[in-house]
Amino acid sequence: MATYSSLNQQEMSSFFHIIKYDFLQRIRSYRFLIICCFSIGFAYILVPAPESNYTTIRLGRYMGEYNSSWIAYSTAMMSSVFLGLIGFYLINGGLKKDLDTGIGQILASTNISNSTYLLAKMGSNLAVLSSLLFLVMIVSMSMFFLYSSNQTFEPEKFIKAYFLIPFPTMVFTAGLSVLLEALIINKAIIQNIIVYSLFSAIIGMNADSSDANFNIDLFGTETISNQMVEQAKRLAPDENIKLNIGFMVGSRLPEKVFSFQNPPLDLWFMVTRLLWTLGIFFVIMIIAPYFHRFDIKKNLLKQKKERFTPKKIVPAILDLNKIPTLNFNPSIIPIIKMELTMMIRNSSKWISLISGGLMIALAFSPYEVAHQILLPILWFLQIEKLSCITTKEQAHHLEYLTFSSYKPLYRLMTAQLSSAMILLTLISLPLTLRMIFVDLESFVEVHVGILLLVLLSSALGALSKGKRLFEALFFFLTYFALNKIPFADYYGGFHEGGHYLMLLTSIVMILTSITYGFRHLQLTKR
Amino acid sequence: MKLSINKLNKRYSSSKLGLIDFSLEMQNGILGLLGPNGAGKSTLLKMIATVSKPSSGTILLDNQDIVSKPNIMRMQLGFLPQDFGLYPNLNAYEFLKYMAAMKGVGGPNLDKKIDFLLEGLNLIENAKRQIGDYSGGMKQRIGIAQALLNDPKVILFDEPTVGLDPEERVRFRDLISALANDAIVILSSHIVSDIATIADKVAIMKNGRLLTFGNQEEIISTLKGRVYEAIIENEQVAEFKTKNIIISTSRDDGNTKIRFISNEKLVNKLAPTLEDGYLFITKSAGNE
C-alpha cells in the first residue's frame, strides 16, 4: 500500500511531468514557430524606430527618451495588455485537446487529483506564455542597442519590469483559460465572449483611472503610467498630459522627449500583482472539486431528447450489377452548399439568436453605429465558423479523403472560401443594402473586408495548420477596430478614399497567394 | 486497367525511409498487402492514392504517370484510409453527397446511388442521424460507401476490417470479391485471414521493402513439408524458440502446443497456410 507521503511525492512528480510534456508537446509544432515569429515582430514594433511616424506610448505630445527604463517599462506595459489578451487565444484548448485525444480519459482513470491536473495545465499554459514573454523581452533589449545611443544598458530594469508587470498577467491568463475549460469545455464561443467582456470591462474601468478602480488593474499598468505622467509633467507643468497606449499613427514630435527614470514601485503595487496571481490560483483550487474530469458525455447525452442506439439489422445485399451510375460533374456548387450547411450547424443556438438580433439592429440602428460597431461584433461572433474554413479536414482527419478527390486545390479550396464569403455577405446584407444607396465606397470596402477576413483565416490556417492564430488575431483586430485604432480598420469603418481601398486589396491579394500557395505545398510535398 | 509501380522510394529524412525500391505490376483483381506495422503498406497506398508523393520512382495507370498527373488517378479512385474521420455535424446522406461533389460526380442518379449504398451497407435506417452519433463500425461502413461512390476502377482499402463485427467482415469480403471483377483492388491488412480468403495475389512487405509477390499457392508451396506441430513442456519453450521459427503457441493441458517451421524431417507434419508463409518470410527477413 502506498503511504500518504509517497502519494504526495507521486502527485508532485505527476504535476511536473504534465507541465513538462504538455509544454514540449505545444512548442514542438510549426504553429508555435509561427507564433514566435509573430511575437518577435510584435516586440519589434513595440519600440518605434526614431524616424518612424507612429508611437505606442505617448504622454500628450511627449515620449520617453530611449533609455533602459523607458524601453523596459513601456514594452512591459504593452506586452501585459496585448499578450494578456491575445495569449488567452494562443493557449486556450489544452484541456479540450486532452478530451479529443482521449488523454484526458486516461488521466482521469489514474489517481491524479483534480487540483493537481488543473494546476499542471495552468503551469504549462504559463510556460508557453512565459516563453513568448521572454522572447519579447529579449527583442526589447535588442531594440535598446539598436535605437539608444549614449545610454547605459541596465538589464535588471528589463527583468524587474517584465517580472512585475506582464508576468502576473500571464499567470492570470493561464489560469483563466484552465478555469473556463474546467467549467465549460465544449462552449468555446461562450469562453471567447466571457474573456472578451472581462478584459474589455477591466480596460474600460482602468480608462477612468480613478483611485477606486486601482485595485482592478489586472495589467499592472496604472502605477507605471501614473509615474510616466508625473515625470512628463515636470517638463510641462501647465499642460494637461494624458497617457495614450496603443499604436498611434502621425503627430510624432521627435523634440518632445523626456528622460523617464526608474519608477518607485510601492508595496501596494506588489500586493495587487500578487493578488491577481494568487487569486486565480485559489479560484482554480475552489472549482477543482467540480471539474468534470472528462466525464462529459453523460451530460451531453442528457441534453438530447432521444438517446441514440444503433439498431442491429440483418445485413442486406449490395448487388453491384444494379448499382446506379453517376455522371461526371466538376461543379463546385454542391461543395459550397455542404460547406455552408456545416458552417451554419457549427454554432450554438444562442450565438445564432444574438447574430439574428444584430442583423436586425444593422438594418435599423444609426448608420455609423451599424457600420463601426455592430458589423465587427457580428462578424466576430462567427469566429468558430471562420477559424476552421481550411483546417477542418486535418482537425477531423479527413484530409486523405478530400486531398485524394478531384482537383482539391481549385475545387475544394475555392468552395470553402466562397462559402465563408457567402455567409458573411448574407449576414451583412441588412447593412450593405443600406450602403448601396448612401455610401457605395463603404459597400465596396465592406466586401473587401469580408474577403480579407476569410483569406486571413485560410492563410493563417494554412501557415499554422490550426485555428488559434487566426482566433487570436481576429480578437485583436475586432478589439482595436471597436476602439477605432486606424490600422485595425479592415472593413473601411473609419477610412475613406481610393488609397485605402487599394491597400486592403493588396493585402487580399497577398493573402490569396499565401492561401493557395501553402495549400499547393500541402498537397504536393506530403 | 493496369497499374505499374516502378522502383518507388519514399524518403522522410536522411535516416528514415518509408519505401525502398518497390516495384510491382497488376491488373484487375485483388492484391493483398501483408506486413507488420511499419512495413510501408500505408505509405504505398497513400502514394497510389496521390496524397503522398514518392521521392523517386513512377506509378503508371494504363501507362499514364499519376505522380505528375494525379487527377487521372483521382477520377477513378476509391480510397479508404486506415485513419480517417467524418464531419460529425452531417448525416450519412449529406456526407456522401459532399464526397460525391468532392469526387466530381453527380447527376440524376446521385440520390438513388446513395440510397443503394446506404441500404447495402445497412446504414439506411440511420442515414438521417448525425454521424457524430455513429459507432466505430458504422463510421467504417460510411468510409466504404464513400469509396464506392464514383464507380472506382482502382480501389484501395487500408486495414478496412477494423471496427467491423465478424458478420460485417464476411460481407465485406464478399463485396471486395465482387468489386474485383471490374477493378484493381488493393487490400492492406496485417490480419492474414482477411487476405487469405480473397486475394488473387499477395505482396509481403517489411521495413519498406517488398519481400515476396505472387499467388497464394506459390507462397504457401515454399513451406510444403516444413510445418510441424509439437507439444512440449513449458520450461523448454524458450530453448525451442532459439532453434526453430515459431508460427504460433497455445496452452494444451498444462503444456505448450507449438506450430513451427523446420527443415528437418519430423512427425506431425501439417499443411502450410498463408499465415505460415507470411510469418516465415517476415521472420527470415530479420530486421534489415
Side-chain angles (χ1 to χ4, degrees), chain A residues 300-301 304 306-339 341-347 392-408 410-412 415 522-526, chain B residues 46 49-53 70-71 73-75 77 79 81 83-90 94-95 97-110 112-113 116-117 119-122 124-126 129 133-135 137-138 143 146 148-151 167-168 171 174-175 178-179 181-182:
Chain A
L300 288 176
L301 282 172
K304 293 181 182 172
E306 188 190 345
R307 192 169 174 163
F308 167 55
T309 27
K311 289 179 187 171
K312 183 72 188 169
I313 308 157
V314 179
I317 294 165
L318 191 61
D319 185 353
L320 293 175
N321 295 320
K322 293 179 183 167
I323 199 162
T325 50
L326 301 179
N327 303 332
F328 176 63
N329 179 14
S331 163
I332 64 165
I333 292 169
I335 310 179
I336 293 176
K337 275 187 197 168
M338 295 313 298
E339 289 284 340
T341 307
M342 279 192 275
M343 274 202 278
I344 290 165
R345 286 185 190 165
N346 187 21
S347 116
K392 61 179 178 298
E393 290 95 12
Q394 281 99 331
H396 292 289
H397 302 295
L398 234 94
E399 68 269 36
Y400 292 138
L401 296 183
T402 54
F403 291 178
S404 64
S405 61
Y406 181 61
K407 295 189 175 177
Y410 297 108
R411 296 177 71 248
L412 174 63
Q522 249 182 335
L523 287 168
T524 54
K525 301 290 176 196
R526 290 175 81 92
Chain B
K46 280 180 209 163
T50 73
V51 290
S52 175
K53 269 204 163 184
N71 287 313
M73 174 61 95
R74 287 169 184 166
M75 284 176 76
L77 176 73
F79 181 35
D83 295 314
F84 70 97
L86 306 165
Y87 291 130
N89 290 336
L90 296 181
E94 291 166 336
F95 180 75
K97 273 199 158 182
Y98 179 74
M99 286 311 297
M102 294 287 305
K103 286 165 181 264
V105 290
N109 285 337
L110 180 61
K112 269 190 220 161
K113 180 146 195 176
F116 181 86
L117 288 169
E119 214 161 302
L121 290 159
N122 291 331
I124 197 80
E125 294 284 319
N126 299 303
R129 295 238 177 223
D133 288 341
Y134 280 19
S135 68
M138 291 167 85
Q146 66 77 29
L148 304 180
L149 267 171
N150 55 331
D151 304 318
E167 202 175 22
E168 288 167 347
R171 294 207 54 76
D174 293 346
L175 172 66
L179 287 168
N181 292 329
D182 194 30

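Hydrogens, waters and symmetry mates play no part in the numbers below; they use all other heavy atoms, side chains included. Below, chains carry the letters A, B, ... as their sequence lines are ordered, and counting in each starts from 1. Predicted model, so just to flag it, every value in this text is computed and none were measured.
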Rounded to the nearest 0.5 Å, what separates atom [atom1] in [X] from atom [atom2] in [Y]?
| X | Y | atom1 | atom2 | answer |
| --- | --- | --- | --- | --- |
| A:Leu523 | B:Lys53 | CG | NZ | 10.0 Å |
| B:Ser52 | A:Tyr400 | OG | OH | 7.5 Å |
| B:Lys103 | A:Ile335 | NZ | CD1 | 12.5 Å |
| B:Leu149 | A:Ser405 | CG | OG | 12.0 Å |

Before giving the answer on side chain to side chain contact (heavy atoms under 4.5 Å, CB included), spell out for A:Thr402 and B:Met102 the whole-Å C-alpha distance, their side-chain angles and the decisive distance to 0.1 Å.
CA-CA 7 Å; A:Thr402 54; B:Met102 294 287 305; 3.7 Å; yes
Cut-off 4.5 Å, heavy atoms of chain B, and the answer for A:Glu393 is both
Report which part of A:Arg345 has an atom under 4.5 Å of a heavy atom belonging to chain B: side chain, backbone, both, or neither.
both
Which atoms form the tightest heavy-atom contact between [X] and [Y], and what is the distance?
| X | Y | answer |
| --- | --- | --- |
| B:Gly104 | A:Arg411 | CA-NH2, 3.6 Å |
| B:Asp151 | A:Pro324 | OD1-O, 4.2 Å |
| B:Pro81 | A:Leu401 | CD-CD2, 3.4 Å |
| A:Leu398 | B:Phe95 | CD2-CE1, 3.9 Å |
| B:Ala49 | A:Ser404 | O-CB, 3.3 Å |

Within the side chain of B:Asn109, is there an N or O that forms a donor-acceptor pair under 3.5 Å with the backbone of A:Thr325?
yes
Check: A:Lys407 main-chain N/O paired with B:Asn71 side-chain donor or acceptor under 3.5 Å:
yes
Pairs of heavy atoms under 4.5 Å with chain A: top-ranked of B:Gly106, B:Gly107, B:Gly143
B:Gly106
Based on non-hydrogen pairs under 4.5 Å, which of B:Asn150, B:Asp182, B:Leu179 is most in contact with chain A?
B:Leu179
For [X], is it the side chain, the backbone, both or neither that has a heavy atom under 4.5 Å from a heavy atom of chain A?
| X | answer |
| --- | --- |
| B:Asn89 | both |
| B:Leu110 | both |
| B:Ile124 | neither |
| B:Met99 | side chain |

Show, in sequence, the C-alpha distance, side-chain angles and deciding distance for A:His396 and B:Leu86, and conclude whether the side chain to side chain contact (heavy atoms under 4.5 Å, CB included) test is met.
CA-CA 6 Å; A:His396 292 289; B:Leu86 306 165; over 6 Å; no
Assess whether atom OH of A:Tyr410 is packed by more than 12 heavy atoms of other residues, nucleotides or ligands within 6.0 Å.
no
Using distance alone, with no hydrogens and no angle criterion, decide if B:Tyr87 and A:Lys392 have a side-chain donor and acceptor under 3.5 Å apart.
no
Apply the test side chain to side chain contact (heavy atoms under 4.5 Å, CB included) to residues B:Tyr98 and A:Glu339: give CA-CA distance (whole Å), side-chain angles for both, the deciding distance (0.1 Å), then the verdict.
CA-CA 8 Å; B:Tyr98 179 74; A:Glu339 289 284 340; 2.6 Å; yes
